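The structure under discussion appears below in the form of structure tokens.
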Amino acid sequence: MNLPVYLDYNATTPVAPEVADAIIPYLREHFGNPGSAHVFGQRAKLAVAQARAQVAALIQASAAEIVFTGSATEANNLALLGVARALGRPGHLIISAVEHPAVMAPARRLEEAGWAVTVVPVDDCGRVAPQAVGKALRPDTSLVSIMHANNEIGTIQPVAEIAAMVKAHGALMHTDAAQSAGKVPLDVAALGVDLLTLAGHKFYATKGIGALYVRTGTPLAPVLAGAEQERGLRPGTENVPAIVGLGEAARLARERLPEAEPRLKTLRDRLHEKLLEVIPGLLLNGHPEQRLPNTLHLSFPGVAGRELLDRCASDVAASLGSACHDYEDAVSGVLAAMGQDAARAMGAVRLSVGWMTSEEEIDRAAAALTAAYETGRASR
Ligand SMILES: Cc1ncc(COP(=O)(O)O)c(C=O)c1O
């Protein structure tokens, strides 16, 4: 069977062959517990240390600042709830209106626990204005969490500018970079953040592995209670194979980024241009430039996005917005926050390319999407 063209890399990526090769020995032979003193344990411990250094190198951090977690969701929870626990009293948190549920939901938890939460708006491109964060800062603001790049529209936030204000105010800055790693360069010092979230399965490692960068000296308490793994910040025996895979994925991403970033952009723009040739009323959602190089979020005029994807499901595998909501037809909260009307939001489709995408696939997907669009329009 001919599989559809995969254009859903923001939902998850395939595991890179190099990553799979790196993992296999840790499934087959090197099964030790990194906490064991014997040779089996030490072998695993060394592999975890190497992966920690590789992940740190991807974001220009030092290895001691990386905490492995079970997912980006867990890293976000550790950042928000862990800072709250370390501070020991309710404070004020600022987030944006387009955060992933993995930030929105822990923020709501903090609110239930007595924190004040301010949600700053975004403009019609999905960008947070640094001044809006500046205006929201209060004397008791202790934490600000603004995502680096949005999972649906790909808009990249001015995190460095925001972090500079937040730090000058004396608060802590977290950014959810689950969608950015491996797609755009990340430098924690240049960004000026204290905490940064990564997700393995968004850059060719496996699912169920993430990491939180914790700048040295950042107040953070564990959310889980247990033993002393990950300096006590994330107790539980390390998932050695997944950690090894994350390290290899970070190494690959760092090596490939200079070539991959422009290549992804070319493929994405080729798809956009081909669709525009046939569908001039097509609208781009997200920032035209400050956007992930692989993400194309479009509103098709006069058709429902769900209907369009169903019509070409044998040729194209893509999502409406975030994978978490793909079976619901509710209007995306991200598009609503950008002030888009219901018709534009209903016609939205997210097309995201990746390392394995070819030009031929782009052309096949463009043909299938335009055909599905034209059939959809004709049947109305
Ligand atoms: C921006 C962002 N943050 C967090 C997550 C959560 O990742 P995971 O489901 O792997 O925990 C995702 C996944 O879609 C994401 O796109």
Side-chain angles (χ1 to χ4, degrees), residues 6-15 19 55 59 67-82 95-109 122 126-128 145-157 159 174-184 186 191 193 195-213 223-224 234 236 239 242-243 245-246 249-250 253 285-287 290-297 317-328 332-335 337 350-354:
Y6 186 71
L7 292 180
D8 207 7
Y9 281 78
N10 284 11
T12 197
T13 60
V15 173
V19 170
V55 171
I59 58 171
V67 176
F68 292 118
T69 62
S71 60
T73 298
E74 194 192 317
N76 285 343
N77 273 261
L78 178 57
L80 270 65
L81 306 179
I95 61 170
S96 83
V98 293
E99 295 303 315
H100 189 273
V103 163
M104 290 278 188
R108 218 168 297 129
R109 272 223 182 146
V122 292
R127 287 255 290 182
V128 173
S145 179
I146 306 286
M147 73 198 322
H148 188 252
N150 184 267
N151 44 301
E152 293 188 33
I153 52 170
T155 294
I156 297 175
Q157 301 296 349
V159 170
H174 167 248
T175 192
D176 175 356
Q179 287 290 347
S180 315
K183 295 177 188 150
V184 291
L186 285 174
L191 288 173
V193 295
L195 300 143
L196 179 142
T197 292
L198 295 177
H201 73 106
K202 308 287 187 188
F203 65 105
Y204 311 93
T206 55
K207 292 156 191 66
I209 184 71
L212 183 67
Y213 156 77
V223 173
L224 296 177
R234 204 285 189 167
N239 183 349
I243 289 173
L246 185 67
N285 301 313
H287 198 282
Q290 296 303 316
R291 186 162 46 110
L292 290 174
N294 77 320
T295 306
L296 185 61
H297 195 283
S319 300
L320 298 184
S322 89
C324 324
H325 312 299
D326 204 33
Y327 293 102
E328 299 164 16
S332 143
V334 172
L335 297 186
R350 178 185 69 184
L351 305 161
S352 47
V353 301

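Both counts, for ligands and for their atoms, begin at 1 and track the order of listing. For this chain, numbers begin at 1 and follow the sequence in order. What you are looking at is a predicted structure, and each value in this text was computed from that prediction instead of being measured.
- By heavy-atom distance, the residue among Thr73, Thr197, Asp176, Asn76 lying nearest atom 3 (N) of ligand 1 is Asp176.
- Considering both main-chain and side-chain atoms, Asn10 never comes within under 3.5 Å of ligand 1 through any nitrogen or oxygen pair.
- Using a 4.0 Å heavy-atom cutoff, Lys202 is listed among the residues neighbouring ligand 1.
- Under a 4.0 Å criterion applied to the non-hydrogen atoms of Asn151, ligand 1 contributes the atoms 1 (C), 16 (O).
- Residue Ala72 approaches ligand 1 through these ligand atoms, each under 4.0 Å from one of its heavy atoms: 4 (C), 6 (C), 7 (O), 11 (O).
- For the pair Asn285/Val334, no side-chain contact is recorded, criterion being any heavy-atom separation below 4.5 Å from C-beta on.
- Of the candidates Asn76, Thr73, Asn150, Asp176 forms a side-chain hydrogen bond (donor to acceptor under 3.5 Å, both in side chains) with just one, namely Asn76.
- Looking at Asn10 and Lys183, their side chains come closer than 4.5 Å, going by heavy atoms from C-beta outward.
- Within the 4.5 Å cutoff, side-chain heavy atoms of Phe203 are placed close to those of Leu246.
- For residues 195-208, the set of pairs meeting the salt bridge (Lys or Arg N to Asp or Glu O under 4.0 Å) definition, not counting sequence neighbours, is empty.
- Of all the atoms in ligand 1, the ones that sit under 4.0 Å from a non-hydrogen atom of His201 are 8 (P), 10 (O).
- For ligand 1, the atoms sitting less than 4.0 Å from at least one non-hydrogen atom of Met147 are 1 (C), numbered in the order shown with element in parentheses.
- Which parts of ligand 1 touch Ser71 is read off a 4.0 Å heavy-atom cut-off, strictly below it: atoms 11 (O).
- Contacts of Glu99 classified as salt bridge (Lys or Arg N to Asp or Glu O under 4.0 Å), with partners at least two apart in sequence or in another chain: none.
- Annotation: Glu74 places no N or O atom under 3.5 Å from an N or O atom of ligand 1; distance criterion only.
- At a cut-off of 3.5 Å, with distance as the only test, no side-chain donor of Thr175 or His148 sits close to an acceptor on the other residue.
- For atom 5 (C) of ligand 1, the candidate residues are His148, Gln179, His100; the nearest heavy-atom contact is made by His100.
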